[in-house]
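Below: one structure, written as structure tokens.
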Amino acid sequence: AIKGVPPSFVREMMEVMKENMTARPMVSLDALKVLISMVTFEKDSIDARDNGNVIAMEFLKENTAFRLESPFIAIARDGFMSAKINLKDNRDRIKSYLENIEERAKKRDDLMQNLGRTDHDYTSASSKDNTGTMGAAETASAMESAQKEEEHRHAAHDDREDEDGLDPLGHTEITQLGNPKMFNTTFALASVELMVKCSAFGVNRTVLRHFSREIIKCQRTDLEDSDDKDEEEDGQQLDFARQRYFRHVIYWLATDVEQDIPIVVQDAYMRMVCLMLRPHEIEDVLHDRWTEKAQRLRKVPEKPTHVVLLLIQWFTGYLKRFPELHVFSSRISPVVEAIDQRLAFDLSKFFVRDHMLLLLLQVLTAYNEQCNWKKWWSKNFLTEGPPPREFELGGPADRPPGPEKVQSDFDYMVTHGCF
């Protein structure tokens, strides 16, 4: 059934997705999962490539039509903002779940400490009674009175917990992916998973060219006349389009100061762009090489670029939000699970290619080459006194741009389709 998927079938599934997106969103999600199943192969094959080409072409065509409001994958400026707004409610649910878990754990610790303290007091009282001068009847009466007092204290504690609505010994359930309450997050992850599989995890260059052309279309002001210009784009311009998109995603995540985007969605977008770019193309973005000449000369900037500083800032928040990253699955999301299934190595079955770890290493390597305080100390290691302010560790050149600068640069880059 999954061999030679006809374009008519893909168009029918896309029609189901579009028609039910608002009224019956779960039907749209099921249609998207059907398309994902069409490109799911244990091993790469020609059939998988052909299905991926057809599905990606139709999927990206409709994504361009929805580019301004509720896009499948955010590419245009309004699409990025719309995606952030749609995901905010899901992020609030995840945040509330984590806060309940933390509060429940704290109350559980307090309860265990109180029980331990009570048992200690009861043991001390019993030992004193045994060594005292009271008779057997008086000792039994005192023990019964202490037991009733303890039961009364526990009943009062349970009443307080009922009033709070949070049982310290209970279990907090999180709304799982695939539930209507988490539709936006589930649909965003499924859309990324579809693009990753259609591109054969970065191997299918035909799908990558489709994706690059749609980036150029979505970020043009004259979208109506763009069909006549598709043939003018050469291979280098298509590569530049994906590199620009990588930069746009970084700035989009940097604008999320209030953390409205769930970290699992951020992780999925970053993995998708890492798969669609080769390592040296990522390195060019980190070093602000935006022209063919700059990429050929491979010069290193004199100070850390904004992309490197923003990625360091993003990875800091990424590691701080590590518990949220594994809320739905121990392997983060279906995107990561799909990558695990396909990227296997003959040397060891335990070797896992983690693209986020590789990106972090690339970012740190780029910063090590760009940091001007290290260059200053290498040249002036015999100089007495502190270095100039612009060459200090953590100085102006070591700080990422502020939120207003990031937002203005992001708006200009995406609306003009440039770096």
Whether [Y] and [X] form a salt bridge (side-chain N of Lys/Arg under 4.0 Å from carboxylate O of Asp/Glu) is what I want to check.
X      : Y      : value
Asp288 : Arg247 : yes
Arg11  : Glu15  : no
Asp409 : Lys405 : yes
Glu283 : Arg298 : yes
Arg271 : Asp354 : yes
Glu281 : Arg278 : yes
Arg321 : Glu324 : yes
Asp398 : Lys303 : no

Can you name the nearest heavy-atom pair linking [X] to [Y], along with the distance?
X      : Y      : answer
Leu29  : Ala190 : CD1-CB, 4.3 Å
Gln313 : Pro400 : OE1-CG, 3.3 Å
Gln370 : Leu286 : NE2-O, 3.2 Å
Pro25  : Phe183 : O-CE1, 3.1 Å

Is a donor on one side and an acceptor on the other found under 3.5 Å between the side chain of [X] and the backbone of [Y]?
X      : Y      : result
Asn372 : Glu302 : no
Asn86  : Asn184 : no
Asn368 : Leu364 : no
Thr64  : Leu60  : yes
Arg244 : Gly417 : yes
Ser82  : Glu69  : no

Which distance, rounded to the nearest 0.5 Å, do you find between the [atom1] of [X] and the [atom2] of [Y]?
X      : Y      : atom1 : atom2 : answer
Ile282 : Gln362 : CD1   : CD    : 5.0 Å
Arg91  : Gln266 : CZ    : CD    : 9.0 Å
Ser212 : Phe240 : OG    : CZ    : 12.0 Å

I'd like to know whether Lys217 forms a salt bridge (charged side-chain N to carboxylate O under 4.0 Å, His left out) with Glu214, so could you lay out the CA-CA distance, the side-chain angles of the two residues, the decisive distance to 0.1 Å, and finally the verdict. CA-CA 5 Å; Lys217 283 184 181 181; Glu214 297 305 322; 3.8 Å; yes
Could you label the plane-to-plane angle of the His416 and Tyr412 rings as parallel, tilted or perpendicular, counting under 30° as parallel and over 60° as perpendicular? parallel
What about the rings of Phe80 and Trp252, do their centers lie closer together than 6.0 Å? yes
Got more than 12 heavy atoms from elsewhere within 6.0 Å of [atom1], [X]?
X      : atom1 : value
Lys375 : NZ    : yes
Gln236 : CD    : yes
Glu102 : CD    : no

Phe211: which of Phe59, Phe246, Tyr245 passes ring pair (Phe, Tyr, Trp, His ring centres under 6.0 Å):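 Single pass found, and it is Tyr245.
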With salt bridge (charged side-chain N to carboxylate O under 4.0 Å, His left out) as the test, would you mind laying out the steps for Glu103 and Lys107 before giving the verdict? CA-CA 6 Å; Glu103 183 179 359; Lys107 288 189 174 184; 3.8 Å; yes
